[in-house]
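Comments concern the structure below.
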Amino acid sequence: MTTLKSFQAEIEAISHEKHIQSIKEAREAHAAAELARHHGKLPSKKDQLQQQQPVIEVKVDEDKDDEKEISIEELIISDESSIDEIQSRLASKLLKGHGEQLISLGAHPSPQHSYSLSSTSDPIPNVGISLTSAQLDKSIDRLKTACLALKAELNDLYRIDKDETSHGCWMVRLTPRGVEEIMEVRVAVVGNVDAGKSTTLGVLTRGGLDDGRGKARVALFRHPHEIETGRTSSVGGEILGFSPTGQAVIPTSHTTDTSDVHGHALAVAKREKLGWEEICKRASKVVSFIDLAGHERYFKTTLYGLSGCAPDYVMLMVGGNAGLIGMSKEHLGVALALNVPIAVCVTKIDMTPPKILEQTINMLTKVLKSPGCRRIPVFVNTAQDAVDCARYLGQPLGSGGRLCPIFMVSNVTGHNLPMLRTFLNCLPSSQSDDKYVVDAPFEFQISDVFSVPFVGTVVSGVITSGTIHANDAVLLGPDSVGQFMPTAVKTIQRKRASVTSGEAGQSVSFALKRIRRTQVRKGMVLIGKTENPPKAVKRFEGMVMVLHHASTIQPKYQAMMHCGAIRQTVRIVSLDHPSGLIRTGDRAKCVFEFISHTEFLKEGQLILLREAKTKVLGVVTKVLP
């Protein structure tokens, strides 16, 4: 029987291989289209080969140079390097990191040894060059000079002076010229009912503390019944901005109008909030929270938020008084299956008896260390822990496990909230990964559709590849018969602020020309016009593993499939298992067929099937005609 860990590694390898292949093809198509647009004709095969040869030579040279290059930290410490050298290297790093770069100076404890699943009494080795306090001060002065020339802010995250040696971590951040350049991190917030998800987000984004009766969460709700019951039933959105100096962008004062006796709680909460445009004007980095439902009744909505909104990280909320119960385990399982890095917040620690809190912590660490999770729990109490967890979150460390920071927070007393803000401030964006490619044909997944008065049909989602500008012609589809309709992007908004362009990795909204609201549904895509028209898919082949099922799965079995923003029932046409059926823990190659209409699918995409308690994880291996 295949273990989940080995199957996940296998589907990750398949997905990565298909992704690289599609990127290569997309880049070639994009380059050809650009040439055709500028010169009015497509180059011949011979010309293409001649053009490609010098590019390959340059790449090899660059790789050789990279091997000889010393790190930016060594450049800053070295007395031989000039300020110009530091400045040019820092500029290239900032360009690569979308205007942000973390720099560690001095000898740090090795993260592989500091954070591991097996506890040892051996001394922890250091990584980096050991510096005295005077040497570190001199290095920081050099870094400050380079930052000043680049008009960048240098933020002190932490500094530790111990036994005549000093080490610390600093963040260099540029001020963006507009909303288009703001760095974005998407965090999905999940957990059981009454774990304190909406309250924690309300406290983080508004700056004030909760009164213990849900005052902080009121402004996050979208519907009147949510305010009455106190339960989130939809995919809510909230943003937390960080200024170039690393400070959270929050309202300066929290005052309630005493003269308005009949003032509604929602109206008061909305007045205390900053507008998204105001936050974007003052921020250089924005953390977008996707507030998901905790109730079992809304599990399909939560699952759609986790797969369709493309979160970079998942924040699991656990009530200190209740523990890891009910839907928390389901949400944790889905996040692990989708391979999204996880951070945990234990809330309500001010009202939980110490004995109960201890039981919650023991259970949480046991579940995280279990073979199914293989996460290294790290209780964050210092700024160094918060920065280290943000840097190494999602990266496999020496022992094979991945970090999982745990924050013990109270929304009433404000305990450990500064550590949580530091952690969110340092989280790297997935825009700098290979996941989102800018120099490829435009592609956009629709995760929500609106009809706005005097504007028309508006679609929102994440740009998966390429760039888009206002008034660009695009194709929308597939519709009920598998066709793609030509349309154009009228206007673009990002974080409720108007922008002129968008690029891969950003979550944006488009107003579409000549398209009615009834013609658009969630799961459709917008694609740039290319030489090869996009094809809608009715049948596809996928490699799957059954995580849980009560009995057996056979051909003609039907279940709801989640794949990115796609949510539709599929039927199993055939499977290649020797016994002709699969049970919990089995894996097989299956041919799937969509029940109602065609969808736009690509090889290498992760799929998740659910039906009641049944869960099946897999990857698209082949698109069938």
Side-chain angles (χ1 to χ4, degrees), residues 58-111 125-162 164-178 181-183 185 242-247 283-285 383-384 386-388 390-392 395 422 425-429 431-434 438:
V58 171
K59 265 191 176 174
V60 172
D61 290 341
E62 274 181 7
D63 290 344
K64 281 180 183 174
D65 287 346
D66 283 344
E67 285 172 7
K68 292 174 193 171
E69 274 181 0
I70 58 170
S71 67
I72 187 165
E73 285 83 2
E74 287 174 20
L75 264 180
I76 294 163
I77 292 162
S78 170
D79 292 328
E80 293 170 14
S81 59
S82 66
I83 297 292
D84 289 343
E85 277 182 279
I86 298 168
Q87 196 180 314
S88 64
R89 181 71 63 83
L90 189 59
S92 66
K93 289 276 184 189
L94 286 169
L95 195 68
K96 201 176 177 185
H98 286 264
E100 191 175 284
Q101 178 67 26
L102 284 171
I103 295 169
S104 297
L105 298 174
H108 285 71
S110 166
N126 285 337
V127 177
I129 300 161
S130 183
L131 297 173
T132 62
S133 186
Q135 286 174 320
L136 187 60
D137 288 335
K138 193 179 175 185
S139 300
I140 293 163
D141 287 338
R142 289 160 67 82
L143 184 57
K144 275 181 184 170
T145 311
C147 288
L148 204 65
L150 291 170
K151 293 182 181 174
E153 294 283 350
L154 182 66
N155 308 319
D156 187 350
L157 295 174
Y158 70 86
R159 177 174 173 165
I160 297 165
D161 298 309
K162 187 181 170 186
E164 295 182 1
T165 60
S166 296
H167 67 272
C169 191
W170 286 261
M171 179 187 276
V172 181
R173 188 177 272 169
L174 288 169
T175 306
R177 286 174 292 186
E181 292 183 9
I182 289 178
M183 188 182 177
V185 177
F242 288 100
S243 66
T245 54
Q247 300 299 312
S284 64
K285 179 180 190 169
Q384 184 175 0
V387 174
D388 283 353
R391 290 181 76 182
Y392 303 114
Q395 294 178 18
T422 303
N425 181 33
C426 299
L427 276 179
S429 169
Q431 266 181 270
S432 43
D433 283 358
D434 289 340
V438 178

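Values in this document were obtained by computation on a predicted structure and should not be read as measured data.
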Under a 4.5 Å cut-off applied to non-hydrogen side-chain atoms, are [X] and [Y] in contact?
X: Ile182; Y: Ser284; value: no
X: Lys93; Y: Ser88; value: no
X: Pro244; Y: Leu174; value: no
X: Pro109; Y: Gln384; value: yes
X: Val185; Y: Phe242; value: no
X: Cys169; Y: Arg391; value: yes
X: Met171; Y: Leu154; value: no
X: Ile103; Y: Leu90; value: yes

Show your working on side-chain contact (heavy atoms from CB on, under 4.5 Å) between Val387 and Tyr392 and close with a plain yes or no. CA-CA 9 Å; Val387 174; Tyr392 303 114; over 6 Å; no
For Ala107, which residues count as a side-chain contact (heavy atoms from CB on, under 4.5 Å) partner, sequence neighbours excluded?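 Counting only residues at least two positions away or on another chain, Ala107 forms a side-chain contact (heavy atoms from CB on, under 4.5 Å) with Asn126, Ser130.
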State which residues pass salt bridge (charged side-chain N to carboxylate O under 4.0 Å, His left out) with Lys138; sequence neighbours excluded, sorted by chain then number.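 Checked Lys138 against salt bridge (charged side-chain N to carboxylate O under 4.0 Å, His left out); matches are Asp79.
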Return the set of residues passing salt bridge (charged side-chain N to carboxylate O under 4.0 Å, His left out) with Asp156 (not counting sequence neighbours), or none when no residue passes.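 Residues passing salt bridge (charged side-chain N to carboxylate O under 4.0 Å, His left out) with Asp156: none at all.
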Over all heavy atoms of both residues, which pair between [X] and [Y] is shortest? Give the atoms and the distance, please.
X: Leu131; Y: Gly106; result: CD1-N, 3.8 Å
X: Ala146; Y: Ile86; result: CB-CG2, 3.9 Å
X: Cys426; Y: Leu102; result: O-CD1, 4.2 Å

With sequence neighbours excluded, give me every side chain to side chain donor-acceptor pair (under 3.5 Å) pair touching residues 167-176. Glu100-Arg173, Arg173-Asn425
Take atom CD in Glu164; do more than 12 heavy atoms of anything else shown fall under 6.0 Å from it? no
Please report the interatomic distance [atom1]([X]) to [atom2]([Y]), rounded to the nearest 0.5 Å.
X: Gln87; Y: Leu75; atom1: CD; atom2: CG; answer: 12.5 Å
X: Glu153; Y: Gln247; atom1: CD; atom2: CD; answer: 10.5 Å
X: Ser104; Y: Ile129; atom1: OG; atom2: CD1; answer: 12.5 Å
X: Ile83; Y: Leu148; atom1: CD1; atom2: CG; answer: 11.0 Å

Not counting sequence neighbours, which residues clear side chain to side chain donor-acceptor pair (under 3.5 Å) with Thr132? List them please. Gln135
If the condition is side chain to side chain donor-acceptor pair (under 3.5 Å), which residues does Thr165 pass it with, not counting sequence neighbours? none
Using a distance-only test with no angle check, is there a side-chain donor-acceptor pair under 3.5 angstrom linking Ser166 and Asp161? yes
Just by distance, no angles: are the side chains of Ser78 and Arg142 close enough, under 3.5 Å, to form a donor-acceptor pair? no
Would Ser139 and Leu143 count as a side-chain contact (heavy atoms from CB on, under 4.5 Å) if you check the C-alpha gap in whole Å, the side-chain angles of each, and the deciding distance to 0.1 Å? CA-CA 6 Å; Ser139 300; Leu143 184 57; over 6 Å; no
Please confirm whether the backbone N or O of Lys96 pairs with a side-chain atom of His98, one donor and one acceptor, at under 3.5 Å?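 No: the side chain of His98 does not pair with the backbone of Lys96.
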Does the salt bridge (Lys or Arg N to Asp or Glu O under 4.0 Å) test come out yes or no for Asp84 and Arg89, once each step is laid out? CA-CA 9 Å; Asp84 289 343; Arg89 181 71 63 83; over 6 Å; no
